[in-house]
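What follows is a short report on a single structure.
Not measured: the values here are computed from a predicted model.
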Amino acid sequence: QLLETSKATGVWGINEQVKDALVEATKKLSASGKANQGGKVALVFSVNMSGHFQGYALVTGNAPVQQKLDIWGAGGQDFQYVLQVQWAFDRDLPFGETKHLKNATNSGKSVHVTKHGQEIELKVGRELCDLLRKKAENRKCGPPTKPIKLSAAEASPEKRKSPSLHSDAAKKVQKTAVDSAPLSLLKMSYEEYASLFEKFKVFSQKLDQLGGGTHFQLIQTLDDLSEAEKDEIVRYLSMDDFMDVCRIVCNMNDVEFSLGRERAFVDFYNRASK
């Protein structure tokens, strides 16, 4: 479950110990000059007691962000930090096929004999990743289907949370710090991203009830929102971000994002902006 969540969102959670090990690995990568050549730190995954490696992902973002995300369930209770990752290959590789790989950074033990966050010697790590690639028959993982973009600046505890559409703040259409500039999906913290989806909860539920619905029913669902709700959507989202959210919500509900529907969403946004 944790690995599937990571693949879908493009993030992974770690504890303090692993964070320190990751920072150290990043320093070594920078010192070697490999980072300037496109080199990245790789995370190799193995579910406890599975007898297999499940794949590996590349760390694509900056330093880990201290933030707890409500996406992991019970298995992620120890996750104190999150980092941006891109899964490369995700096939089960039995430990028996890796016994010849000995990890010098772990007293020369077989690479599968390890603890959480254990560093793998570079040459052995490359061979292990190569075995996973071959097991996957060179079929790379696709991009995240529900991406979460992390930003250290937006993950600070003092960062404001977006109010719910149904909060008193929304009903009173109060002025907030976000009035000056719309949020960007690419710069949102998870809390802001989750709040964004909260704004469209009613919309998504109605789509599900409609079983996809028609072009006109979808627009009517948005038009049924109160003026305060429409106002907050426009204040919080640029046109581009609004369209991105509409695409995501339609995709989640198996609704085709046709050209006609796209135009209708644009018309709605323009009407709500007036």
Side-chain angles (χ1 to χ4, degrees), residues 1-32 34-47 53-73 75-90 116-120 125-126 128-129 132-133 136 140-159 161-162 183-197 240-241 244-245 247-248 251-252:
Q1 181 65 35
L2 292 178
L3 300 189
E4 292 305 315
T5 299
S6 176
K7 294 171 195 175
T9 58
V11 297
W12 179 245
I14 54 177
N15 58 25
E16 185 79 34
Q17 178 184 351
V18 177
K19 188 266 292 185
D20 292 341
L22 184 63
V23 170
E24 185 62 29
T26 302
K27 289 180 180 178
K28 289 182 179 180
L29 181 67
S30 298
S32 69
K34 299 292 184 183
N36 295 329
Q37 302 173 22
K40 298 183 185 299
V41 174
L43 302 179
V44 181
F45 295 87
S46 174
V47 175
F53 290 104
Q54 276 73 40
Y56 75 92
L58 301 176
V59 178
T60 59
N62 297 319
V65 176
Q66 186 170 14
Q67 184 179 7
K68 300 202 71 154
L69 303 184
D70 188 23
I71 60 174
W72 307 112
Q77 292 179 346
D78 294 333
F79 290 167
Q80 301 165 285
Y81 297 83
V82 284
L83 62 152
Q84 210 81 59
V85 299
Q86 173 60 59
W87 275 77
F89 298 99
D90 61 345
H116 190 51
Q118 173 68 53
E119 179 184 359
I120 301 177
R126 285 175 174 167
L128 178 57
C129 288
L132 285 163
R133 176 185 61 78
K140 290 186 177 182
C141 295
T145 55
K146 301 177 182 178
I148 294 174
K149 297 298 181 181
L150 302 176
S151 168
E154 297 194 8
S156 75
E158 292 78 18
K159 185 69 178 179
K161 294 183 180 180
S162 303
L183 294 173
S184 168
L185 288 178
L186 297 178
K187 296 181 180 179
M188 283 185 179
S189 67
Y190 173 73
E191 289 182 352
E192 290 169 334
Y193 202 86
S195 178
L196 181 70
F197 272 92
D240 288 342
D241 284 350
D244 283 342
V245 171
R247 288 187 186 92
I248 293 170
N251 183 62
M252 290 171 62

Exercise. Residues two or more places apart in sequence or in another chain: which of them pass side-chain contact (heavy atoms from CB on, under 4.5 Å) with Asn15?
Worked result: Gln17, Val18, Gln80, His116
Quick one: does [X]'s side chain have a donor or acceptor within less than 3.5 Å of a partner on [Y]'s backbone?
X	Y	value
Gln54	Val47	yes
Lys19	Val65	no
Ser6	Val11	yes
Gln84	Leu150	yes
Gln77	Trp72	no

Problem set entry | Criterion side-chain contact (heavy atoms from CB on, under 4.5 Å) on Gln67 and Tyr81, from CA distance to verdict | CA-CA 5 Å; Gln67 184 179 7; Tyr81 297 83; over 6 Å; no
What distance separates [X] [atom1] from [Y] [atom2], expressed to the nearest 0.5 Å?
X	Y	atom1	atom2	answer
Leu22	Leu83	CG	CG	6.0 Å
Leu58	Leu43	CG	CG	8.5 Å
Arg133	Leu128	CZ	CG	12.5 Å
Lys40	Gln86	NZ	CD	10.0 Å
Thr26	Lys28	OG1	NZ	11.0 Å

What is the minimum heavy-atom distance between [X] and [Y], and which atoms define it?
X	Y	answer
Gly117	Ala21	O-CB, 3.9 Å
Ala42	Cys129	CB-SG, 4.4 Å
Phe89	Ala136	CD2-CB, 3.7 Å
Val85	Ala57	CB-CB, 4.1 Å

For this session: Any chance you could lay out the side-chain contact (heavy atoms from CB on, under 4.5 Å) test for Ile148 and Ile71, step after step, and finish with the verdict?
Result: CA-CA 11 Å; Ile148 294 174; Ile71 60 174; 4.0 Å; yes
Exercise. Listed by chain and number, what are the side-chain hydrogen bond (donor to acceptor under 3.5 Å, both in side chains) partners of Lys7, not counting sequence neighbours?
Worked result: Glu4, Asp90
Problem set entry | Heavy atoms of other groups near Gln1 CD, more than 12 under 6.0 Å | no
Seminar exercise, completed: Applying ring pair (Phe, Tyr, Trp, His ring centres under 6.0 Å) to Phe45 and not counting sequence neighbours gives Trp12, Trp87
Exercise. Can you check side-chain contact (heavy atoms from CB on, under 4.5 Å) on Leu132 and Val44, steps first, answer last?
Worked result: CA-CA 9 Å; Leu132 285 163; Val44 181; 4.2 Å; yes
